[in-house]
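Notes to accompany the following structure.
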Amino acid sequence: MHKIVVLLFALVAAQYSTAQKYNPVANPAAIVTIGKVRFTVLTERVIRIEYSPDTVFNDMPTITFQNRNLPVPVFETKNENGHLLITTSFLTLDYTLNTGNFNRKNLRIEYKDSGSNFTWNPGTTDKQNLKGTTRTLDGTSGKFSYQTMKKIKLEEGIISRSGWALVDDSQKPTFDNSEWPWVQNSATAVNTDWYFFGYGSDYKAALFDFTSISGKISLPPKFAFGVWYSRYYQYTEQDFKDIVAGYEKHGLPLDVLVIDMDWHMTKTSAPEAFSKFNPQPDGWTGFSWSKKYFPDYAGFLTWTNEKNIQTCLNLHPASGVQAHENSYSRFAKAMNFDTTGCRPIEFDITSKQFAKNYFDVLLHPYEKAGVDFWWLDWQQYSNTKLKGVNPTFYLNYVHFSDMQRQGKRPLIFTAMAGWATSAIKLVLAAMFL
């Protein structure tokens with residue numbers, strides 16, 4: 001079933017900053033290292049907690065946290081009676097020295113402000129977490145899957161009535177330091193890497209601290225706050241022109257046309273393109289315009305530009321570049337791919353070579369013709385070739401950063417992408433506090 005995508009994600013899915021340069025290496029003045037443990041006081045409410053059996057700690061950005069070089073908060077460090085004590089204006093961390101990796105007995109953090117006071121230990125269950133979201137709403141109705149009738153499992157979020165949250169960043173993939181930062185396997189596969197957030201009921205502070213470390217949420221372009229038209233239907237270019245005419249007739253604004261998957265060839269619109277292959281290609285994935293519905297797509301995009309209407313096209317790219325695509329031969333040549341048997345070219349967004357050709361061969365020509373941004377409608381798979389890299393997350397990243405590299409103000413229309421979604425919920429919470 002075609003899923004419904006909440007517009008909210010389009011507006012604030014930008015976990016990746018467009019302007020500010022981040023530094024993953026914390027200020028040395030914020031770091032306390034003793035043997036195999038390292039603590040980084042990132043803010044007065046957030047402490048990074050690390051254990052490394054070989055004393056090699058990670059200073060590379062991860063897919064969750066990019067910026068650890070923050071203004072050093074006021075804190076005090078003491079080493080007394082075999083205990084390391086780190087105290088800020090809100091937190092007191094107590095670690096028993098020379099006792100190895102963290103557990104309930106050797107680590108505790110006390111939080112105290114004018115309104116709340118609690119103690120946290122490793123392994124504590126957060127029963128009051130307000131949760132984030134779930135990866136997909138396909139096959140769901142309300143709180144339940146209508147296929148299994150089991151309750152949807154929501155992921156943990158930052159905001160909790162318990163007043164704290166723990167983000168486990170251990171073994172998370174990191175980014176390299178290339179011109180276009182690219183994901184790679186973590187070099188510290190056995191380390192413990194936690195981020196403890198203690199904020200009581202100050203949810204705005206939690207939001208501020210989280211986005212300071214993970215990356216500020218970019219302000220979308222003005223048109224994104226306007227009127228969008230989106231419906232899963234086999235519209236022709238003339239249908240869209242008639243829809244726009246209707247808005248104009250009634251004096252209604254229209255800023256964005258979301259053109260669903262039938263902009264490209266499908267088994268319905270171009271059965272002859274699919275029937276000559278065995279097995280037949282997947283009709284959900286596609287990069288070639290449907291001549292049945294859009295006989296002059298370039299002219300249509302010129303027309304939307306003249307109307308000052310932004311166009312957003314749907315993508316289900318999971319099945320890769322298939323043999324029926326107009327660009328199949330060019331893409332295969334760019335990838336040095338053997339086309340014997342007309343095999344599909346596997347979608348591998350974590351491959352930098354694939355990603356560059358994905359944009360240069362498939363998408364950038366359409367952007368030059370007038371496509372403004374993309375609806376990344378990926379729900380087919382949950383893993384990539386790199387452990388811990390969600391394809392939705394990374395597809396979001398490469399699209400957003402590709403627009404940034406082109407000097408555009410980035411915007412993507414997308415679905416859940418892990419901790420980015422928690423940031424989205426935090427934005428909403430801050431709006432109503």
Let me confirm one number: the CZ-CG distance from Phe65 to Leu42, rounded to the nearest 0.5 Å.
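Reported to 0.5 Å precision, the distance equals 8.5 Å.
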Quiz item: Rounded to the nearest 0.5 Å, what separation is found between the CG atom of Leu301 and the CG atom of Leu313?
Solution: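 Going from CG on Leu301 over to CG on Leu313, the span is 7.5 Å.
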Determine whether more than 12 heavy atoms belonging to other residues, nucleotides or ligands lie under 6.0 Å from atom [atom1] of [X].
X	atom1	result
Glu272	CD	yes
Phe337	CZ	yes
Asn336	CG	no

Okay, side chain of [X], backbone of [Y]: is any donor-acceptor separation there less than 3.5 Å?
X	Y	result
Asp242	Asp239	no
Asn106	Asn101	yes
Thr285	His316	yes
Thr384	Val389	yes
Trp263	Asn314	yes
Asn129	Gly157	yes

Can you sort out the partners of [X] under side chain to side chain donor-acceptor pair (under 3.5 Å), two or more places apart, ordered by chain and number?
X	value
Arg38	Glu50, Asp59
Gln280	none
Trp180	Ser401
Ser170	Asp168

ask   = According to the side chain to side chain donor-acceptor pair (under 3.5 Å) rule, which pairs have a member within residues 321-330, sequence neighbours left out?
value =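 For residues 321-330: Ser288-Glu325.
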Taking side-chain contact (heavy atoms from CB on, under 4.5 Å) as the test, write out the residues that go with [X], two or more places apart.
X	answer
Leu154	Lys131, Thr134, Ile152
Gln406	His364, Glu367, Asp402, Lys408
Met60	Asn58, Thr174, Gln184
His264	Met261, Thr266

Non-hydrogen side-chain atoms of Phe75 and Leu91 separated by less than 4.5 Å:
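They are not in side-chain contact.
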I'd like to check Thr43 versus Ser212 (side-chain heavy atoms, cut-off strictly below 4.5 Å). Are they in contact?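 A side-chain contact under 4.5 Å is absent here.
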inquiry  = Suppose we call two aromatic rings close when their centres sit under 6.0 Å apart. Are Phe373 and Trp228 close by that rule?
reply    =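 Ring centres of Trp228 and Phe373 closer than 6.0 Å.
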Point to revise | Among Phe240, Trp303, Tyr366, ring-ring contact (aromatic ring centres under 6.0 Å, His included) partner for Tyr297 | key: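 One option only clears the test, and that one is Tyr366.
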Open item on the list: For Phe90, does the six-membered ring have the charged nitrogen or CZ of Arg45 within the cation-pi criterion, i.e. under 6.0 angstrom from the centroid and within 45° of the normal?
Closed with: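 Arg45 over Phe90 ring: yes.
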Applying ring pair (Phe, Tyr, Trp, His ring centres under 6.0 Å) as the test, list every pair that has at least one member in residues 44-64; sequence neighbours left out.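 Non-adjacent pairs meeting ring pair (Phe, Tyr, Trp, His ring centres under 6.0 Å): zero.
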Quick test of your reading: applying salt bridge (charged side-chain N to carboxylate O under 4.0 Å, His left out), list the pairs with at least one residue in residues 220-235, sequence neighbours left out, ordered by first then second residue.
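For residues 220-235: none.
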Original post:
How would you list all residue pairs meeting salt bridge (charged side-chain N to carboxylate O under 4.0 Å, His left out) that involve residues 339-355, not counting sequence neighbours?
Top reply: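 Sorted pair list: Glu346-Lys385, Asp348-Lys385.
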- Item | Aromatic plane relationship, Phe175 with Phe393 - under 30° parallel, 30 to 60° tilted, over 60° perpendicular |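 Ring orientation of Phe393 relative to Phe175: tilted.
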Run the numbers on Phe39 and Leu84 for side-chain contact (heavy atoms from CB on, under 4.5 Å), then give the verdict. CA-CA 10 Å; Phe39 303 96; Leu84 172 67; 3.5 Å; yes
